Protein chains: 2
Amino acid sequence: MTDSDTNSTPERKRGSGVKMVYDLLRDEILDLVLPPGSPIDEVQLAERFKMSRTPIREALVRLAGEGLIDTLPNRSTMVSNIDFLNMHTFFDALVLMYRVTTRLAAQYHRAEDLQVIRAHQADFAAAVAAQDALAMIATNAAFHSAIAEAGRNAYFTGLFNRLLDEGRRILRLYYQSYEDRLPQRFVEEHEDIIAVIAARDSEAADRLATIHAEQIVQQIQKLFARGGKLDIAL
Amino acid sequence: MTDSDTNSTPERKRGSGVKMVYDLLRDEILDLVLPPGSPIDEVQLAERFKMSRTPIREALVRLAGEGLIDTLPNRSTMVSNIDFLNMHTFFDALVLMYRVTTRLAAQYHRAEDLQVIRAHQADFAAAVAAQDALAMIATNAAFHSAIAEAGRNAYFTGLFNRLLDEGRRILRLYYQSYEDRLPQRFVEEHEDIIAVIAARDSEAADRLATIHAEQIVQQIQKLFARGGKLDIAL
DNA sequence: TGCATATTATTTGTCGACAAAAATTATGCA
DNA sequence: TGCATAATTTTTGTCGACAAATAATATGCA
(Lines give C-alpha, C1' and ligand atoms only; values in the text may rest on other atoms or scores of the structure.)
Protein backbone atom coordinates (compact mmCIF):
# COMPACT_ATOMS: atom_id res chain seq x y z
CA MET A 1 0.00 0.00 0.00
CA THR A 2 2.98 2.32 0.44
CA ASP A 3 3.01 4.34 -2.73
CA SER A 4 6.62 5.34 -2.38
CA ASP A 5 7.51 7.19 -5.56
CA THR A 6 5.47 9.84 -7.26
CA ASN A 7 7.00 9.61 -10.72
CA SER A 8 4.64 8.66 -13.52
CA THR A 9 4.84 4.89 -13.97
CA PRO A 10 3.09 4.05 -17.24
CA GLU A 11 4.98 0.75 -17.49
CA ARG A 12 2.38 -0.37 -19.96
CA LYS A 13 1.86 0.01 -23.68
CA ARG A 14 -0.86 2.26 -24.94
CA GLY A 15 -3.62 -0.04 -26.13
CA SER A 16 -2.81 -2.99 -23.90
CA GLY A 17 -4.87 -2.03 -20.87
CA VAL A 18 -8.28 -2.92 -22.25
CA LYS A 19 -7.12 -6.26 -23.59
CA MET A 20 -5.48 -7.12 -20.28
CA VAL A 21 -8.63 -6.33 -18.31
CA TYR A 22 -10.86 -8.02 -20.89
CA ASP A 23 -8.81 -11.21 -20.97
CA LEU A 24 -8.48 -11.44 -17.24
CA LEU A 25 -12.13 -10.75 -16.47
CA ARG A 26 -13.16 -13.16 -19.18
CA ASP A 27 -11.02 -15.91 -17.67
CA GLU A 28 -12.23 -15.18 -14.18
CA ILE A 29 -15.83 -15.37 -15.35
CA LEU A 30 -15.38 -18.60 -17.32
CA ASP A 31 -13.39 -20.20 -14.51
CA LEU A 32 -16.09 -19.20 -12.03
CA VAL A 33 -13.61 -17.21 -10.01
CA LEU A 34 -16.33 -14.65 -10.54
CA PRO A 35 -19.46 -16.78 -10.24
CA PRO A 36 -22.72 -15.75 -11.90
CA GLY A 37 -24.26 -12.79 -10.12
CA SER A 38 -20.97 -11.35 -8.90
CA PRO A 39 -21.06 -7.57 -8.92
CA ILE A 40 -18.56 -5.80 -11.15
CA ASP A 41 -17.25 -2.60 -9.64
CA GLU A 42 -15.62 -0.22 -12.11
CA VAL A 43 -13.85 1.84 -9.49
CA GLN A 44 -12.50 -1.24 -7.76
CA LEU A 45 -11.16 -2.60 -11.03
CA ALA A 46 -9.69 0.77 -11.89
CA GLU A 47 -7.58 0.91 -8.77
CA ARG A 48 -6.79 -2.79 -9.00
CA PHE A 49 -5.24 -2.30 -12.43
CA LYS A 50 -4.07 1.21 -11.67
CA MET A 51 -5.77 2.82 -14.62
CA SER A 52 -8.73 5.10 -15.12
CA ARG A 53 -12.29 3.90 -15.52
CA THR A 54 -12.33 4.55 -19.27
CA PRO A 55 -10.42 1.44 -20.43
CA ILE A 56 -12.20 -0.60 -17.76
CA ARG A 57 -15.54 0.42 -19.18
CA GLU A 58 -14.46 -0.44 -22.71
CA ALA A 59 -13.56 -3.94 -21.58
CA LEU A 60 -16.92 -4.23 -19.85
CA VAL A 61 -18.77 -3.11 -22.98
CA ARG A 62 -17.05 -5.88 -24.91
CA LEU A 63 -17.88 -8.48 -22.30
CA ALA A 64 -21.48 -7.31 -22.31
CA GLY A 65 -21.52 -7.70 -26.08
CA GLU A 66 -20.63 -11.34 -25.65
CA GLY A 67 -23.25 -11.80 -22.98
CA LEU A 68 -20.77 -12.58 -20.24
CA ILE A 69 -21.96 -9.71 -18.06
CA ASP A 70 -25.30 -7.96 -17.71
CA THR A 71 -25.51 -4.20 -17.38
CA LEU A 72 -28.47 -2.49 -15.77
CA PRO A 73 -28.62 1.13 -17.03
CA ASN A 74 -27.48 3.57 -14.36
CA ARG A 75 -27.43 0.59 -12.07
CA SER A 76 -25.02 -2.16 -11.19
CA THR A 77 -23.39 -4.56 -13.62
CA MET A 78 -22.89 -8.21 -12.75
CA VAL A 79 -21.68 -11.50 -14.15
CA SER A 80 -24.47 -13.00 -16.24
CA ASN A 81 -26.35 -15.98 -14.95
CA ILE A 82 -26.30 -19.42 -16.48
CA ASP A 83 -29.73 -20.12 -17.91
CA PHE A 84 -30.51 -23.56 -16.55
CA LEU A 85 -34.13 -23.40 -17.64
CA ASN A 86 -33.23 -23.25 -21.32
CA MET A 87 -30.24 -25.53 -21.10
CA HIS A 88 -31.58 -27.66 -23.93
CA THR A 89 -31.12 -24.77 -26.34
CA PHE A 90 -27.46 -24.79 -25.43
CA PHE A 91 -27.22 -28.52 -26.04
CA ASP A 92 -29.00 -28.28 -29.37
CA ALA A 93 -26.65 -25.59 -30.57
CA LEU A 94 -23.59 -27.39 -29.23
CA VAL A 95 -24.40 -30.68 -30.91
CA LEU A 96 -25.14 -29.03 -34.22
CA MET A 97 -21.91 -27.05 -34.15
CA TYR A 98 -19.94 -30.16 -33.26
CA ARG A 99 -21.40 -31.82 -36.32
CA VAL A 100 -21.04 -28.96 -38.76
CA THR A 101 -17.54 -27.94 -37.80
CA THR A 102 -16.26 -31.52 -37.88
CA ARG A 103 -17.91 -32.09 -41.22
CA LEU A 104 -16.42 -28.95 -42.71
CA ALA A 105 -13.02 -29.80 -41.27
CA ALA A 106 -13.13 -33.10 -43.15
CA GLN A 107 -13.90 -31.16 -46.29
CA TYR A 108 -11.65 -28.13 -46.10
CA HIS A 109 -8.74 -28.91 -43.77
CA ARG A 110 -5.14 -28.55 -44.89
CA ALA A 111 -2.17 -30.59 -43.85
CA GLU A 112 -0.98 -28.06 -41.28
CA ASP A 113 -4.40 -28.07 -39.60
CA LEU A 114 -4.03 -31.72 -38.73
CA GLN A 115 -0.78 -31.03 -36.94
CA VAL A 116 -2.44 -28.41 -34.78
CA ILE A 117 -5.39 -30.68 -34.09
CA ARG A 118 -3.13 -33.58 -33.13
CA ALA A 119 -1.15 -31.34 -30.81
CA HIS A 120 -4.31 -30.39 -28.95
CA GLN A 121 -5.33 -34.02 -28.83
CA ALA A 122 -1.98 -34.83 -27.22
CA ASP A 123 -2.62 -32.15 -24.62
CA PHE A 124 -6.04 -33.59 -23.95
CA ALA A 125 -4.67 -37.11 -23.57
CA ALA A 126 -2.08 -35.79 -21.17
CA ALA A 127 -4.75 -34.06 -19.10
CA VAL A 128 -6.77 -37.26 -18.96
CA ALA A 129 -3.72 -39.25 -17.95
CA ALA A 130 -2.99 -36.71 -15.24
CA GLN A 131 -6.59 -36.88 -14.01
CA ASP A 132 -6.68 -33.09 -14.26
CA ALA A 133 -10.35 -32.29 -14.82
CA LEU A 134 -9.83 -28.59 -15.32
CA ALA A 135 -7.15 -29.20 -17.92
CA MET A 136 -9.42 -31.75 -19.62
CA ILE A 137 -12.10 -29.14 -20.08
CA ALA A 138 -9.69 -26.61 -21.48
CA THR A 139 -7.80 -28.96 -23.80
CA ASN A 140 -10.97 -30.62 -25.05
CA ALA A 141 -12.35 -27.21 -25.98
CA ALA A 142 -9.10 -26.29 -27.70
CA PHE A 143 -9.18 -29.55 -29.65
CA HIS A 144 -12.64 -28.97 -31.03
CA SER A 145 -11.97 -25.31 -31.61
CA ALA A 146 -8.98 -26.28 -33.73
CA ILE A 147 -11.18 -28.62 -35.75
CA ALA A 148 -13.62 -25.79 -36.28
CA GLU A 149 -10.83 -23.52 -37.47
CA ALA A 150 -9.87 -26.16 -40.01
CA GLY A 151 -13.43 -25.97 -41.34
CA ARG A 152 -12.79 -22.35 -42.25
CA ASN A 153 -16.21 -20.89 -41.65
CA ALA A 154 -15.96 -17.83 -39.44
CA TYR A 155 -19.68 -17.80 -38.68
CA PHE A 156 -19.61 -21.32 -37.30
CA THR A 157 -16.33 -20.94 -35.45
CA GLY A 158 -17.63 -17.77 -33.85
CA LEU A 159 -20.76 -19.40 -32.50
CA PHE A 160 -18.94 -22.60 -31.60
CA ASN A 161 -16.28 -20.82 -29.58
CA ARG A 162 -18.94 -18.98 -27.65
CA LEU A 163 -20.69 -22.25 -26.93
CA LEU A 164 -17.46 -23.85 -25.81
CA ASP A 165 -16.89 -20.93 -23.47
CA GLU A 166 -20.33 -21.29 -21.99
CA GLY A 167 -19.73 -25.04 -21.68
CA ARG A 168 -16.51 -24.33 -19.86
CA ARG A 169 -18.49 -22.36 -17.33
CA ILE A 170 -21.12 -25.06 -16.93
CA LEU A 171 -18.63 -27.88 -16.58
CA ARG A 172 -16.68 -25.98 -13.97
CA LEU A 173 -19.74 -26.17 -11.80
CA TYR A 174 -19.34 -29.90 -11.53
CA TYR A 175 -15.74 -30.83 -12.15
CA GLN A 176 -14.11 -28.58 -9.62
CA SER A 177 -11.59 -31.23 -8.71
CA TYR A 178 -13.29 -34.40 -9.77
CA GLU A 179 -11.88 -37.55 -11.21
CA ASP A 180 -13.69 -39.42 -13.87
CA ARG A 181 -13.21 -42.55 -15.94
CA LEU A 182 -15.23 -41.61 -18.98
CA PRO A 183 -12.63 -39.31 -20.57
CA GLN A 184 -10.48 -42.25 -21.71
CA ARG A 185 -13.30 -43.06 -24.09
CA PHE A 186 -13.22 -39.49 -25.33
CA VAL A 187 -9.54 -39.80 -26.11
CA GLU A 188 -10.25 -42.76 -28.37
CA GLU A 189 -13.17 -41.02 -30.04
CA HIS A 190 -10.99 -38.03 -30.70
CA GLU A 191 -8.51 -40.28 -32.47
CA ASP A 192 -11.30 -41.68 -34.63
CA ILE A 193 -12.47 -38.18 -35.47
CA ILE A 194 -8.98 -37.15 -36.50
CA ALA A 195 -8.78 -40.22 -38.73
CA VAL A 196 -11.98 -39.49 -40.64
CA ILE A 197 -11.06 -35.83 -41.01
CA ALA A 198 -7.70 -36.85 -42.45
CA ALA A 199 -9.53 -39.25 -44.79
CA ARG A 200 -11.81 -36.36 -45.83
CA ASP A 201 -14.85 -38.48 -45.08
CA SER A 202 -17.53 -35.88 -44.35
CA GLU A 203 -20.31 -38.32 -43.64
CA ALA A 204 -18.27 -40.30 -41.15
CA ALA A 205 -17.09 -37.08 -39.56
CA ASP A 206 -20.69 -36.00 -39.11
CA ARG A 207 -21.63 -39.37 -37.65
CA LEU A 208 -18.76 -39.54 -35.18
CA ALA A 209 -19.20 -35.92 -34.14
CA THR A 210 -22.88 -36.56 -33.47
CA ILE A 211 -22.16 -39.54 -31.25
CA HIS A 212 -19.35 -37.72 -29.50
CA ALA A 213 -21.40 -34.60 -28.88
CA GLU A 214 -24.48 -36.40 -27.69
CA GLN A 215 -22.40 -38.41 -25.29
CA ILE A 216 -21.05 -35.25 -23.74
CA VAL A 217 -24.52 -33.78 -23.59
CA GLN A 218 -25.88 -36.89 -21.95
CA GLN A 219 -23.11 -36.84 -19.42
CA ILE A 220 -23.94 -33.29 -18.49
CA GLN A 221 -27.66 -33.97 -18.55
CA LYS A 222 -27.21 -36.81 -16.11
CA LEU A 223 -25.94 -34.20 -13.70
CA PHE A 224 -29.05 -32.17 -14.24
CA ALA A 225 -31.33 -35.20 -14.38
CA ARG A 226 -33.37 -33.64 -17.09
CA GLY A 227 -35.13 -35.41 -19.95
CA GLY A 228 -36.41 -34.16 -23.28
CA LYS A 229 -33.63 -34.42 -25.81
CA LEU A 230 -34.42 -32.55 -29.00
CA ASP A 231 -33.90 -34.74 -32.04
CA ILE A 232 -32.48 -32.70 -34.90
CA ALA A 233 -32.23 -35.72 -37.18
CA LEU A 234 -30.84 -33.79 -40.09
CA MET B 1 -21.72 27.73 -36.73
CA THR B 2 -22.89 30.65 -34.58
CA ASP B 3 -22.98 29.26 -31.09
CA SER B 4 -25.47 31.80 -29.85
CA ASP B 5 -26.46 30.67 -26.39
CA THR B 6 -24.21 29.32 -23.67
CA ASN B 7 -26.82 27.62 -21.53
CA SER B 8 -26.42 23.86 -21.16
CA THR B 9 -28.77 22.10 -23.56
CA PRO B 10 -28.80 18.43 -22.55
CA GLU B 11 -32.15 17.81 -24.27
CA ARG B 12 -31.41 14.14 -24.13
CA LYS B 13 -31.77 11.38 -21.57
CA ARG B 14 -28.71 10.06 -19.86
CA GLY B 15 -28.05 6.67 -21.41
CA SER B 16 -29.71 7.28 -24.75
CA GLY B 17 -26.78 8.75 -26.63
CA VAL B 18 -24.87 5.54 -27.24
CA LYS B 19 -27.94 3.66 -28.40
CA MET B 20 -28.86 6.46 -30.77
CA VAL B 21 -25.40 6.52 -32.33
CA TYR B 22 -25.18 2.74 -32.39
CA ASP B 23 -28.57 2.28 -34.06
CA LEU B 24 -28.00 4.99 -36.61
CA LEU B 25 -24.49 3.89 -37.56
CA ARG B 26 -25.66 0.30 -37.76
CA ASP B 27 -28.45 1.24 -40.13
CA GLU B 28 -26.19 3.39 -42.24
CA ILE B 29 -23.69 0.54 -42.54
CA LEU B 30 -26.29 -2.10 -43.39
CA ASP B 31 -28.02 0.20 -45.88
CA LEU B 32 -24.67 0.97 -47.49
CA VAL B 33 -25.10 4.65 -46.78
CA LEU B 34 -21.68 4.01 -45.31
CA PRO B 35 -20.22 1.56 -47.82
CA PRO B 36 -17.46 -0.89 -46.85
CA GLY B 37 -14.18 0.91 -46.31
CA SER B 38 -15.74 4.19 -45.26
CA PRO B 39 -13.64 5.91 -42.61
CA ILE B 40 -15.29 6.49 -39.25
CA ASP B 41 -14.22 9.75 -37.64
CA GLU B 42 -14.90 9.99 -33.92
CA VAL B 43 -14.55 13.74 -33.74
CA GLN B 44 -16.82 14.24 -36.70
CA LEU B 45 -19.49 12.01 -35.16
CA ALA B 46 -19.07 13.78 -31.84
CA GLU B 47 -19.88 17.17 -33.26
CA ARG B 48 -22.57 15.73 -35.50
CA PHE B 49 -24.44 14.36 -32.49
CA LYS B 50 -23.29 17.16 -30.21
CA MET B 51 -21.83 14.93 -27.58
CA SER B 52 -18.34 14.06 -26.40
CA ARG B 53 -16.24 11.29 -27.89
CA THR B 54 -16.83 8.94 -24.97
CA PRO B 55 -20.33 7.71 -25.90
CA ILE B 56 -19.31 7.67 -29.56
CA ARG B 57 -16.46 5.36 -28.75
CA GLU B 58 -18.71 3.05 -26.76
CA ALA B 59 -21.01 2.71 -29.75
CA LEU B 60 -18.01 1.97 -31.96
CA VAL B 61 -16.74 -0.69 -29.58
CA ARG B 62 -20.10 -2.40 -29.81
CA LEU B 63 -20.16 -2.24 -33.58
CA ALA B 64 -16.64 -3.63 -33.69
CA GLY B 65 -17.80 -6.48 -31.47
CA GLU B 66 -20.36 -7.39 -34.10
CA GLY B 67 -17.81 -7.15 -36.87
CA LEU B 68 -19.50 -4.24 -38.61
CA ILE B 69 -16.44 -2.01 -38.31
CA ASP B 70 -12.73 -2.76 -38.16
CA THR B 71 -10.48 -0.90 -35.78
CA LEU B 72 -6.77 -0.60 -36.38
CA PRO B 73 -5.00 0.13 -33.05
CA ASN B 74 -3.89 3.74 -32.82
CA ARG B 75 -4.97 3.98 -36.41
CA SER B 76 -8.14 4.65 -38.30
CA THR B 77 -11.38 2.72 -37.97
CA MET B 78 -13.51 1.91 -40.99
CA VAL B 79 -16.61 0.06 -42.09
CA SER B 80 -15.70 -3.60 -42.48
CA ASN B 81 -15.45 -5.07 -45.93
CA ILE B 82 -17.71 -7.73 -47.36
CA ASP B 83 -15.67 -10.88 -47.78
CA PHE B 84 -16.50 -11.93 -51.31
CA LEU B 85 -13.78 -14.55 -51.43
CA ASN B 86 -15.37 -16.59 -48.67
CA MET B 87 -18.93 -15.92 -49.66
CA HIS B 88 -19.71 -19.63 -49.63
CA THR B 89 -19.15 -19.74 -45.87
CA PHE B 90 -21.88 -17.15 -45.56
CA PHE B 91 -24.22 -19.20 -47.72
CA ASP B 92 -23.49 -22.39 -45.80
CA ALA B 93 -24.28 -20.72 -42.51
CA LEU B 94 -27.36 -18.99 -43.89
CA VAL B 95 -28.89 -22.16 -45.31
CA LEU B 96 -28.24 -24.10 -42.14
CA MET B 97 -29.80 -21.40 -39.97
CA TYR B 98 -32.82 -21.20 -42.25
CA ARG B 99 -33.29 -24.92 -41.78
CA VAL B 100 -32.68 -25.11 -38.06
CA THR B 101 -34.74 -22.10 -37.07
CA THR B 102 -37.69 -23.14 -39.22
CA ARG B 103 -37.52 -26.65 -37.83
CA LEU B 104 -37.42 -25.42 -34.26
CA ALA B 105 -40.27 -23.01 -34.94
CA ALA B 106 -42.41 -25.94 -36.04
CA GLN B 107 -41.55 -27.64 -32.79
CA TYR B 108 -41.71 -24.89 -30.21
CA HIS B 109 -43.87 -22.08 -31.56
CA ARG B 110 -46.87 -20.77 -29.67
CA ALA B 111 -50.11 -19.41 -31.05
CA GLU B 112 -49.07 -15.79 -30.64
CA ASP B 113 -45.87 -16.43 -32.61
CA LEU B 114 -47.89 -17.33 -35.70
CA GLN B 115 -49.69 -14.02 -35.56
CA VAL B 116 -46.40 -12.14 -35.56
CA ILE B 117 -45.06 -14.30 -38.38
CA ARG B 118 -48.18 -13.78 -40.46
CA ALA B 119 -48.01 -10.03 -39.91
CA HIS B 120 -44.47 -9.96 -41.28
CA GLN B 121 -45.55 -12.12 -44.20
CA ALA B 122 -48.26 -9.60 -44.98
CA ASP B 123 -45.66 -6.85 -44.97
CA PHE B 124 -43.49 -8.88 -47.30
CA ALA B 125 -46.38 -9.54 -49.68
CA ALA B 126 -47.16 -5.84 -49.70
CA ALA B 127 -43.56 -5.00 -50.52
CA VAL B 128 -43.59 -7.48 -53.38
CA ALA B 129 -46.85 -6.08 -54.68
CA ALA B 130 -45.39 -2.58 -54.50
CA GLN B 131 -42.24 -3.74 -56.34
CA ASP B 132 -40.22 -2.16 -53.54
CA ALA B 133 -36.97 -4.13 -53.53
CA LEU B 134 -35.56 -2.47 -50.45
CA ALA B 135 -38.71 -3.17 -48.48
CA MET B 136 -38.66 -6.76 -49.72
CA ILE B 137 -35.22 -7.29 -48.26
CA ALA B 138 -36.19 -5.80 -44.93
CA THR B 139 -39.57 -7.54 -44.57
CA ASN B 140 -38.21 -10.88 -45.73
CA ALA B 141 -35.51 -10.67 -43.06
CA ALA B 142 -38.10 -9.72 -40.45
CA PHE B 143 -40.26 -12.66 -41.47
CA HIS B 144 -37.51 -15.21 -41.03
CA SER B 145 -36.26 -13.54 -37.89
CA ALA B 146 -39.73 -13.90 -36.40
CA ILE B 147 -39.70 -17.59 -37.28
CA ALA B 148 -36.36 -17.93 -35.56
CA GLU B 149 -37.72 -16.22 -32.46
CA ALA B 150 -40.55 -18.74 -32.39
CA GLY B 151 -37.91 -21.48 -32.29
CA ARG B 152 -36.73 -20.08 -28.96
CA ASN B 153 -33.04 -20.76 -29.20
CA ALA B 154 -31.05 -17.64 -28.44
CA TYR B 155 -27.84 -19.06 -29.87
CA PHE B 156 -29.42 -19.73 -33.25
CA THR B 157 -31.39 -16.50 -33.36
CA GLY B 158 -28.25 -14.57 -32.52
CA LEU B 159 -26.24 -16.04 -35.37
CA PHE B 160 -29.17 -15.94 -37.75
CA ASN B 161 -29.87 -12.28 -37.16
CA ARG B 162 -26.25 -11.46 -37.80
CA LEU B 163 -26.39 -13.41 -41.03
CA LEU B 164 -29.56 -11.65 -42.09
CA ASP B 165 -27.87 -8.33 -41.41
CA GLU B 166 -24.91 -9.30 -43.52
CA GLY B 167 -27.31 -10.51 -46.22
CA ARG B 168 -29.08 -7.19 -46.11
CA ARG B 169 -25.78 -5.52 -46.89
CA ILE B 170 -24.99 -7.91 -49.73
CA LEU B 171 -28.41 -7.65 -51.31
CA ARG B 172 -28.32 -3.89 -51.19
CA LEU B 173 -25.39 -4.07 -53.54
CA TYR B 174 -27.64 -5.43 -56.25
CA TYR B 175 -31.18 -4.40 -55.57
CA GLN B 176 -30.68 -0.70 -55.28
CA SER B 177 -33.87 -0.01 -57.17
CA TYR B 178 -34.41 -3.17 -59.07
CA GLU B 179 -37.60 -4.90 -60.03
CA ASP B 180 -37.82 -8.64 -60.08
CA ARG B 181 -40.39 -11.29 -60.80
CA LEU B 182 -39.05 -14.05 -58.57
CA PRO B 183 -40.34 -12.68 -55.25
CA GLN B 184 -43.92 -13.73 -56.04
CA ARG B 185 -42.71 -17.29 -55.74
CA PHE B 186 -41.18 -16.44 -52.37
CA VAL B 187 -44.52 -15.19 -51.14
CA GLU B 188 -46.08 -18.54 -51.91
CA GLU B 189 -43.24 -20.44 -50.33
CA HIS B 190 -43.58 -18.34 -47.22
CA GLU B 191 -47.23 -19.34 -47.02
CA ASP B 192 -46.28 -22.99 -47.28
CA ILE B 193 -43.68 -22.57 -44.56
CA ILE B 194 -46.22 -20.96 -42.26
CA ALA B 195 -48.57 -23.85 -42.89
CA VAL B 196 -46.09 -26.57 -41.92
CA ILE B 197 -44.98 -24.62 -38.87
CA ALA B 198 -48.59 -24.32 -37.77
CA ALA B 199 -48.99 -28.06 -38.38
CA ARG B 200 -45.88 -28.65 -36.24
CA ASP B 201 -44.36 -30.73 -39.02
CA SER B 202 -40.63 -30.42 -38.34
CA GLU B 203 -39.50 -32.55 -41.25
CA ALA B 204 -41.57 -30.63 -43.77
CA ALA B 205 -40.40 -27.38 -42.26
CA ASP B 206 -36.81 -28.46 -42.70
CA ARG B 207 -37.46 -29.50 -46.29
CA LEU B 208 -39.23 -26.32 -47.31
CA ALA B 209 -36.69 -24.13 -45.56
CA THR B 210 -33.89 -25.91 -47.38
CA ILE B 211 -35.48 -25.36 -50.77
CA HIS B 212 -36.35 -21.80 -49.91
CA ALA B 213 -32.89 -20.96 -48.65
CA GLU B 214 -31.04 -22.61 -51.51
CA GLN B 215 -33.18 -20.74 -53.98
CA ILE B 216 -32.20 -17.46 -52.42
CA VAL B 217 -28.57 -18.50 -52.37
CA GLN B 218 -28.70 -19.52 -56.01
CA GLN B 219 -30.29 -16.25 -56.92
CA ILE B 220 -27.48 -14.36 -55.23
CA GLN B 221 -24.85 -16.67 -56.64
CA LYS B 222 -26.12 -16.04 -60.15
CA LEU B 223 -25.19 -12.44 -59.56
CA PHE B 224 -21.71 -13.47 -58.58
CA ALA B 225 -21.53 -16.12 -61.29
CA ARG B 226 -19.67 -18.38 -58.97
CA GLY B 227 -19.87 -22.15 -58.81
CA GLY B 228 -19.02 -24.64 -56.09
CA LYS B 229 -22.03 -25.07 -53.87
CA LEU B 230 -21.16 -26.90 -50.69
CA ASP B 231 -23.49 -29.82 -50.14
CA ILE B 232 -24.30 -30.12 -46.46
CA ALA B 233 -26.64 -33.03 -47.04
CA LEU B 234 -27.42 -33.49 -43.38
C1' DT C 1 -43.04 2.34 16.52
C1' DG C 2 -44.14 2.58 11.58
C1' DC C 3 -44.14 4.84 7.43
C1' DA C 4 -43.52 8.72 4.18
C1' DT C 5 -40.47 12.25 2.91
C1' DA C 6 -36.01 14.56 2.83
C1' DT C 7 -31.08 14.35 2.99
C1' DT C 8 -26.77 12.20 2.10
C1' DA C 9 -23.78 8.95 -0.18
C1' DT C 10 -22.55 5.95 -3.88
C1' DT C 11 -22.23 4.79 -8.61
C1' DT C 12 -22.71 5.59 -13.48
C1' DG C 13 -22.57 8.36 -17.79
C1' DT C 14 -20.51 12.25 -19.88
C1' DC C 15 -17.27 15.82 -20.59
C1' DG C 16 -12.99 18.50 -21.76
C1' DA C 17 -8.22 18.07 -21.74
C1' DC C 18 -3.79 15.96 -22.27
C1' DA C 19 -0.35 12.70 -24.06
C1' DA C 20 1.19 8.93 -27.03
C1' DA C 21 1.27 7.18 -31.61
C1' DA C 22 0.90 7.67 -36.36
C1' DA C 23 0.45 10.35 -40.54
C1' DT C 24 1.82 14.33 -42.87
C1' DT C 25 4.68 17.88 -44.07
C1' DA C 26 9.01 20.31 -43.92
C1' DT C 27 14.00 20.47 -43.84
C1' DG C 28 18.85 19.17 -44.80
C1' DC C 29 22.25 16.88 -47.28
C1' DA C 30 24.21 14.17 -51.10
C1' DT D 1 16.46 16.30 -57.67
C1' DG D 2 16.12 12.29 -54.52
C1' DC D 3 16.05 10.48 -50.17
C1' DA D 4 16.62 10.29 -45.18
C1' DT D 5 15.71 12.69 -41.06
C1' DA D 6 13.27 16.14 -38.31
C1' DA D 7 9.39 19.01 -37.18
C1' DT D 8 4.40 19.51 -37.34
C1' DT D 9 -0.26 18.15 -37.47
C1' DT D 10 -3.83 14.90 -36.80
C1' DT D 11 -5.99 11.20 -34.42
C1' DT D 12 -6.47 7.96 -30.75
C1' DG D 13 -6.20 6.24 -25.90
C1' DT D 14 -6.32 7.66 -21.25
C1' DC D 15 -7.17 10.56 -17.42
C1' DG D 16 -9.44 13.29 -13.65
C1' DA D 17 -13.52 15.68 -12.71
C1' DC D 18 -18.33 16.73 -12.68
C1' DA D 19 -23.33 15.83 -12.90
C1' DA D 20 -27.33 12.79 -13.26
C1' DA D 21 -29.48 8.76 -11.44
C1' DT D 22 -30.06 5.61 -8.03
C1' DA D 23 -29.35 3.59 -3.40
C1' DA D 24 -28.80 4.27 1.43
C1' DT D 25 -29.59 6.78 5.44
C1' DA D 26 -31.71 10.14 8.29
C1' DT D 27 -35.52 12.93 9.73
C1' DG D 28 -40.37 14.15 10.78
C1' DC D 29 -44.96 13.11 11.79
C1' DA D 30 -48.97 10.09 12.99
Side-chain angles (χ1 to χ4, degrees), chain A residues 3 5-26 29 34 37-80, chain B residues 1 3-26 29 34 37-80:
Chain A
D3 204 5
D5 51 3
T6 54
N7 63 345
S8 60
T9 50
E11 297 293 339
R12 179 167 34 81
K13 274 168 227 158
R14 211 165 119 90
S16 67
V18 279
K19 179 172 168 48
M20 165 175 292
V21 174
Y22 168 83
D23 286 339
L24 195 127
L25 275 184
R26 186 172 172 281
I29 292 170
L34 293 174
S38 303
I40 307 278
D41 187 350
E42 297 177 1
V43 179
Q44 193 176 319
L45 287 169
E47 51 194 43
R48 175 177 169 192
F49 290 97
K50 293 180 179 171
M51 56 179 76
S52 96
R53 277 173 50 226
T54 308
I56 304 286
R57 280 176 66 86
E58 179 172 334
L60 294 185
V61 169
R62 283 206 225 167
L63 290 169
E66 297 178 30
L68 290 178
I69 63 176
D70 288 332
T71 304
L72 287 275
N74 285 322
R75 209 80 65 82
S76 67
T77 142
M78 57 178 64
V79 177
S80 67
Chain B
M1 303 281 178
D3 205 4
S4 53
D5 52 2
T6 53
N7 62 346
S8 60
T9 50
E11 298 291 340
R12 180 166 33 83
K13 274 169 227 158
R14 211 165 118 89
S16 67
V18 280
K19 180 171 166 47
M20 166 175 292
V21 174
Y22 168 83
D23 286 338
L24 195 126
L25 275 184
R26 187 173 170 282
I29 291 171
L34 293 174
S38 302
I40 306 276
D41 187 350
E42 297 177 0
V43 179
Q44 193 175 318
L45 287 169
E47 52 194 41
R48 174 179 170 190
F49 289 98
K50 293 181 179 169
M51 56 178 75
S52 96
R53 278 173 50 224
T54 308
I56 303 286
R57 281 176 65 87
E58 179 172 333
L60 294 185
V61 169
R62 284 206 225 166
L63 290 169
E66 297 178 29
L68 290 179
I69 63 176
D70 289 331
T71 304
L72 286 274
N74 286 322
R75 210 79 67 81
S76 68
T77 142
M78 57 176 64
V79 177
S80 66

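As a basis for the values below, the full set of heavy atoms in this structure was taken, side chains included, without hydrogen atoms, waters or symmetry mates. Keep in mind that what you see is a predicted model, and the values were worked out from it rather than measured. Chain letters run A, B, ... following the sequence lines, proteins first and then strands; every chain starts at 1.
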Considering only residues two or more places apart or on different chains, which pairs with a residue in residues 58-73 of chain B satisfy side chain to side chain donor-acceptor pair (under 3.5 Å)? Tyr22(B)-Glu66(B)

Show the numbers, then the answer: is there a side chain to side chain contact (heavy atoms under 4.5 Å, CB included) between Ile40(A) and Leu34(A)? CA-CA 9 Å; Ile40(A) 307 278; Leu34(A) 293 174; 4.3 Å; yes

In short, Ile56(A) meets Glu42(A) closest at the heavy-atom pair CG2-O, 4.2 Å

Closer than 3.5 angstrom, by distance alone: can the side chain of Ser38(B) be matched with the main-chain N or O of Val79(B) as a donor-acceptor pair? no

Letter by letter from the 5' end, nucleotides 7-14 of chain C scores (B base, S sugar-phosphate only, - none; protein heavy atoms under 4.0 Å) -----BBB

Check step by step if side chain to side chain contact (heavy atoms under 4.5 Å, CB included) holds for Ile69(A) and Leu25(A). CA-CA 10 Å; Ile69(A) 63 176; Leu25(A) 275 184; over 6 Å; no

Rounding to an integer number of Å, can you tell me how far Phe49(B) CZ sits from dC15(C) P? 13 Å

